[in-house]
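The sequence lines fix the lettering, A, B, ..., with proteins before strands; numbering per chain opens at 1.
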Amino acid sequence: MDIFAEFSARIAAAVAALFDGAEGLDALIDRIVVEPPRDAGHGELSTNAAMILAKPLGRNPRQIAAEIAERLLADPDVAEAEVAGPGFVNLRLVPELWLAALRAVGTEGADYGRSDLGAGQKVNVEFVSANPTGPMHVGHTRGAVFGDALAALMAFCGYDVTREYYINDAGGQIDVLARSALMRYREALGETVEIPKGLYPGDYLVPVGAHLRQVFGDTLATENESDALERVKPLILDAMMDLIRKDLGKLNIHHDVFFSERTLHGQGGEIDLTLAWLRQNDMVYEGRLDPPKGKTPEDWEDREQTLFRATDYGDDTDRPLVKSDGSYTYFAADIAYHRNKVLRGFTHMIDVLGADHSGYIKRIQAATRAVSEGTAEVDVRICQLVRLLKNGEPFKMSKRSGDLVLLSDVVDEVGTDATRFMMLFRRNDASLDFDFAVVKEQTRDNPVFYVQYAHARSCSVFRTAAREMAGLDLTPAGLATAELAALTTEADYELIRVVAQWPRLVATAARAHEPHRVAFYLYDLASAFHAYWTRGREESDLRFVVPGDERLTLARLCLVDALRQVLRNGLAILGVSAPEELS
RNA sequence: GGCCCCGUAGCUCAGCUGGACAGAGCAGUAGCCUUCUAAGCUAUUGGUCGCAGGUUCGAGUCCUGCCGGGGUCGCCA
């Protein structure tokens, strides 16, 4: 049950009835917002309907507001409706309605907050897509967590979500990887080797070398290099993807589809087909490109090349599809890849990329528009950099792989929950400080702990109730019999109202593709609960467990249970556990 | 030089697809443990929302131009 959605509909109906026949009324109604006011003095729900209507109707907003308020007052669920400020209508609802919302949390359980916002539409969330040249490092972590949480958020809101990983296994760095692995192979044969500069020195390739020896014996050593490379590549790529999947597994991230870029290449492959299609639709031409303004690359060579008409679809310049050596650019493959997604039926796509790819956004959006003939859109979410700190000082960890801090090092150090939550406790488009010291603290400074503690504490209340009031039936069936009317204090209602905002909040977060909103909401919810809890220390009538008053206790436990349920549902979206007690 | 992101309290950041006097944590100050986990809570100090214009009944939020920080700029992926 979503009180805000419910009243959004009732207000829309009231407005439609009052101003029936007004020009463009439906569009105006779409712009009406029903929200919880920032200031509690402004009621429990607030709407700007009158201000939206004032100008088009050519009328005084406060007058319109008065008419809307009057009509809403006729609704038996509305206790108060008053006009305020420039023309807001502020509502208070009858307590029964809030209690009904509270009751609904108990019955909806893990589904509380779920919606059909997405109406089952297919959404493809492409994230991580790290080059398969070694284990994942911290730079990949944020995008990985963000993409996974966003996918969960969309799924919760009724989208049919596919989590997808685009394996960049076709570029030159794969040759470098394969040559690096062959060095380890020779090492496994007993040779003493020194990894030349420019190859990957990481010792994660040592077991790959040993594996190659197992599979191929010493036959690769005598073969010419390019033949050997082609033979070993599939094995090496499998090994790298296993590494990556293992790293992702540490964060509880599992993709539905791993899409190999290699499969797009080759004669008659999808890139060829896509290019042919683009040509057929006059989206490609042979032409020259101006060098970037103000900064001409030293090796700039003015040449005629194959260009995609990206400017026709919102990009700043047309984009090359073929390199000077005749092979396809990365972008050409990516067009084919996004066309592939369109052909698979995705009209909504989300690409999660690192900060260094922000210049790529317009290009990929242009390509998607072109290739889908305007029927599909891609939203590109950029994750900014993560700065690793310890006690506020820049921090470098022991490194097993070049200069990079590994994802697995971070997770081993602070745990999956802390890693995930911290990565989400920040807008994705702003850079993020990740302080190892703070994340391991069990204090209010650490939001991960703070929210998990609220959940543990809510469970603790139930343990206490079971101990002190053995006669109470604390099962869901027992809680369902509670007389919620026993809840009468403002403190109770403050908590109920926060819990009741969850469906609206989660829908808003999904629409905006912003999972961090869930994290911040959970922090606020935890804060409201901790505040209530502590008040009970001083005011015994504000305790959750009130020995001698079973009626009140059971009602309060419903409230705690609802709050606990929202914490669970929210944490589940973030992929963070909800422990019953803290060690 | 072009494009993208950021600029909100001393510090770290929210601000719900423009709304009512701009919020939280930390730091500072003053308090709260015989009582459901004080691993917490309460009160309080503190802001020209980078600057200047514009659109609007209404701008931290949208537009334009500057200033400052970061990223990126055919043949890397």
**Student:** Can you check the A/Y450 OH to B/U37 C1' distance for me, whole Å?
**Tutor:**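 Going from OH in A/Y450 over to C1' in B/U37 covers 14 Å.
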**Student:** Give a yes or no on this: more than 12 heavy atoms of other residues, nucleotides or ligands lie within 6.0 Å of atom CZ of A/R387.
**Tutor:**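 Open: at most 12 neighbouring heavy atoms sit under 6.0 Å from CZ of A/R387.
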**Student:** With respect to the side chain of A/W533, which nucleotide from B/C41, B/C36, B/C3 is positioned closest?
**Tutor:**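 The listed nucleotide nearest to A/W533's side chain is B/C36.
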**Student:** Taking Watson-Crick and G-U wobble pairs with both distances under 3.5 Å, convert RNA chain B into its dot-bracket string, 5' to 3', dots for unpaired and | for cross-strand pairs.
**Tutor:** (((((((..((((.....[...)))).(((((.......))))).....(((((..]....))))))))))))....
**Student:** Choosing from B/U56, B/C41, B/C36, which nucleotide comes nearest the side chain of A/F544?
**Tutor:**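 Among the listed nucleotides, the one closest to the side chain of A/F544 is B/C36.
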**Student:** Rounding to an integer number of angstrom, what distance separates B/A27 and B/G65 when you compare their C1' atoms?
**Tutor:**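 These two C1' atoms come out 38 Å apart once rounded.
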**Student:** Give a yes/no on whether any side-chain N or O of A/Y453 is located under 4.0 angstrom from OP1 or OP2 of B/C41.
**Tutor:**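 Checking B/C41 against A/Y453, no side-chain N or O comes under 4.0 Å of OP1 or OP2.
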**Student:** Map A/A465 and A/V33 onto RNA chain B by nearest heavy atom, then report which one ends up closer to the 5' terminus.
**Tutor:**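 That would be A/V33.
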**Student:** Distance between the P atoms of B/A43 and B/U61, in whole angstroms?
**Tutor:**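 It comes out at 30 Å once rounded to the nearest Å.
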**Student:** Say you pick atom P in B/C41 and the same atom in B/C49; how far apart are they, in whole Å?
**Tutor:**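 Looking at atom P only, B/C41 and B/C49 are 31 Å apart.
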**Student:** Sugar-phosphate means primed atoms, P, OP1 and OP2; the rest is base. With that split, encode nucleotides 69-77 of chain B 5' to 3' as B, S or - using protein heavy atoms under 4.0 Å.
**Tutor:** --SSBBB-B
**Student:** For B/C73 versus B/G46, give the span between their P atoms, rounded off to a whole number of Å.
**Tutor:**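 Looking at atom P only, B/C73 and B/G46 are 47 Å apart.
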**Student:** Only counting residues at least two apart or in another chain, list the ones meeting side-chain contact (heavy atoms from CB on, under 4.5 Å) with A/T317.
**Tutor:**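 side-chain contact (heavy atoms from CB on, under 4.5 Å) check on A/T317 returns A/L289, A/R319.
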**Student:** Under 3.5 Å between N/O atoms: give me all the protein pairs with nucleotides 29-34 of chain B, atom names plus distance.
**Tutor:**
| from | atom 1 | to | atom 2 | distance (Å) |
| --- | --- | --- | --- | --- |
| B/C32 | O2' | A/E538 | OE2 | 3.3 |

**Student:** One thing to verify: whether A/R497 and A/E490 come together as a salt bridge, which I'm taking to mean a side-chain N less than 4.0 angstrom from a carboxylate O.
**Tutor:**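 Yes, charged N to carboxylate O under 4.0 Å.
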**Student:** How far does the P atom of B/U8 sit from the matching atom of B/G60, given to the nearest Å?
**Tutor:**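 That atom pair is separated by 15 Å.
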**Student:** Just by distance, with hydrogens left out, do A/E286 and A/T306 show a side-chain donor and acceptor under 3.5 Å apart?
**Tutor:**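 Checked: A/E286/A/T306 side chains pair up, N/O donor to acceptor below 3.5 Å.
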**Student:** Say you pick atom P in B/G28 and the same atom in B/C11; how far apart are they, in whole Å?
**Tutor:**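 Those two atoms are separated by 16 Å.
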**Student:** B/A30 and B/C36: how far apart are their C1' atoms, nearest whole angstrom?
**Tutor:**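 One C1' to the other, the span is 27 Å.
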**Student:** Taking CZ from A/R62 and P from B/A20, how many angstroms apart are they, rounded to a whole number?
**Tutor:**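 Answer to the nearest Å: 16 Å.
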**Student:** Hey, is A/K390 close enough to A/D435 for a salt bridge, meaning N to O under 4.0 Å?
**Tutor:**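 The answer is no: the pair does not qualify as a salt bridge.
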**Student:** Given the ring of A/F462, does A/R564 sit roughly above its face, with NZ or CZ under 6.0 Å from the centre of the six-membered ring and within 45° of the axis?
**Tutor:**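 That pair qualifies as a cation-pi contact.
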**Student:** Assess whether a salt bridge exists between A/R427 and A/D429, defined as any Lys/Arg side-chain N lying under 4.0 Å from an Asp/Glu carboxylate O.
**Tutor:**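 Salt bridge between A/R427 and A/D429, a charged N being under 4.0 Å from a carboxylate O: yes.
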**Student:** Is a side-chain donor-acceptor pair under 3.5 Å present for A/N340 with A/E270?
**Tutor:**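 Yes, side-chain donor-acceptor contact under 3.5 Å.
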**Student:** Using a cut-off of 4.0 Å on non-hydrogen atoms, how would the nucleic acid contact of A/S46 be classed: base, sugar-phosphate, or nothing?
**Tutor:**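 Here A/S46 touches the bases of the nucleic acid.
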**Student:** When the nearest nucleotide of RNA chain B is assigned to A/I52 and to A/T443 on a heavy-atom basis, which residue is associated with the more 5' position?
**Tutor:**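 Nearest-nucleotide comparison on RNA chain B picks A/I52.
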**Student:** Less than 6.0 Å separating the ring centroids of A/Y337 and A/F259?
**Tutor:**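 Yes, ring centres under 6.0 Å apart.
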**Student:** For residues A/S129 and A/L353, determine if any side-chain heavy atom of one lies less than 4.5 Å from a side-chain heavy atom of the other.
**Tutor:**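 No, side chains not in contact.
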**Student:** Between B/A24 and B/A14, how far is it from one P atom to the other, in whole Å?
**Tutor:**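 Rounded to whole Å, the distance is 16 Å.
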**Student:** Could you check whether A/Y453 and A/H530 have their ring centres less than 6.0 Å apart?
**Tutor:**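 When the ring centroids of A/H530 and A/Y453 are compared, they turn out to be within the sub-6.0 Å range.
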**Student:** Inspect the contact between A/K341 and A/E164 and indicate whether a charged nitrogen and a carboxylate oxygen are less than 4.0 angstrom apart.
**Tutor:**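 So A/E164 does not pair with A/K341 through a salt bridge.
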**Student:** Round to a whole Å and report the spacing from CE of A/M51 to P of B/A59.
**Tutor:**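 From A/M51 CE to B/A59 P: 12 Å.
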**Student:** With sequence neighbours left out, what residues match A/Y523 under ring pair (Phe, Tyr, Trp, His ring centres under 6.0 Å)?
**Tutor:**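 A/Y523 satisfies ring pair (Phe, Tyr, Trp, His ring centres under 6.0 Å) with A/F425, A/Y450 once adjacent residues are dropped.
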**Student:** Under 6.0 Å between ring centres: does that hold for A/Y532 and A/F544?
**Tutor:**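 Yes, close enough.
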**Student:** At under 4.0 Å between heavy atoms, how does the protein contact nucleotides 9-16 of chain B? Give one character per nucleotide, 5' to 3', with B, S or -.
**Tutor:** ----SSSB
**Student:** Rounded to the nearest 0.5 Å, how far does CD1 of A/I364 lie from NE2 of A/H338?
**Tutor:**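 That separation rounds to 4.0 Å.
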**Student:** Under 4.0 Å, counting only non-hydrogen atoms across every strand here, what does A/E581 touch: a base, just sugar-phosphate, or nothing?
**Tutor:**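 If one applies the 4.0 Å heavy-atom cut-off, A/E581 turns out to touch a base.
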